[in-house]
Amino acid sequence: MLTLASKLKRDDGVKGSRASNTSSDSTRRVSIRDRLLIKEVAELEANLPCTCKVNFPDPNKLHYFQLTVSPDESYYQGGKFQFEIEVPEAYNMVPPKVKCLTRIWHPNITETGEICLSLLREHSIDGTGWAPTRTLKDVVWGLNSLFTDLLNFDDPLNIEAAEHHLRDKDEYRNKVEDYIKRYAR
């Protein structure tokens, strides 16, 4: 991550020494995103929940990383759930794109990885959606909370999983444990 920060400083020096600025609007936007990410990644790493780990496959690309959530309580205890987080160029005006890479039986995450978490919604009627004041830390803490206090059976994305829980909580627990054994170790 220091590599990207060094590159930004070097780029600023080069831009400052040019008589004319030839960079396009999209280049400036990426630069703004990357500047925000340098600060936000530092804040995230300093405030990461103990059940989470982040991995940056390329330290020069802070806009793409993976998150592993290993819940220490709830139905999902003992599992390791992988998420892919991609921060678009228009960040922080739009939320990061998040996908669950681990197959899971969960009312708020589909088996194909779609996630229902209000702060990831670009537009929200109730005001709990994305806002430019939100950060990557909020996203990671929100994803972590999907396994505990934000686990929501009343407003599910995966209706089948929610109905399964309502019908038979023990059988639901068994299916979650089976998915953890098969996909989340």
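Note that the numbering runs from 1 along the sequence shown for the chain. No experiment lies behind these values; they were computed from the predicted model shown. Only this structure's heavy atoms are used, side chains among them; waters, hydrogens and symmetry mates stay out.
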Nearest 0.5 Å, what's the [atom1]-[atom2] distance between [X] and [Y]?
X	Y	atom1	atom2	value
Tyr64	Asp58	OH	CG	11.0 Å
Ile115	Leu120	CD1	CG	6.5 Å
Glu114	Cys100	CD	SG	11.5 Å
Thr133	Asp138	OG1	CG	7.5 Å

With [X] via ring-ring contact (aromatic ring centres under 6.0 Å, His included) - residues at least two apart:
X	answer
Phe65	Phe56
Trp141	none
His165	Tyr75, Phe153, Tyr172

Partner of Tyr91 under side chain to side chain donor-acceptor pair (under 3.5 Å), picked from Arg33, Lys97, Glu40, is Glu40
**Prompt:** Can you find a heavy atom in the side chain of Arg35 that is under 4.5 Å from one in the side chain of Ile38?
**Reply:** no
- Task: Tell me, yes or no, whether the heavy-atom count around Lys80 atom NZ, taken from other residues, nucleotides or ligands under 6.0 Å, exceeds 12.
- Result: no
- How are the rings of Phe147 and Phe83 set relative to one another: parallel (under 30°), tilted (30 to 60°) or perpendicular (over 60°)? perpendicular
Requested in this report: May I ask you to decide whether Glu84 forms a salt bridge with Lys99, counting only side-chain N to carboxylate O separations under 4.0 Å?
Outcome: no
Point to revise | Exercise: do Asn144 and Thr51 side chains pair donor with acceptor under 3.5 Å | key: yes
Closest heavy-atom pair, Ile180 versus Gly79, reported as atoms and distance to 0.1 Å, is CG2-CA, 3.7 Å
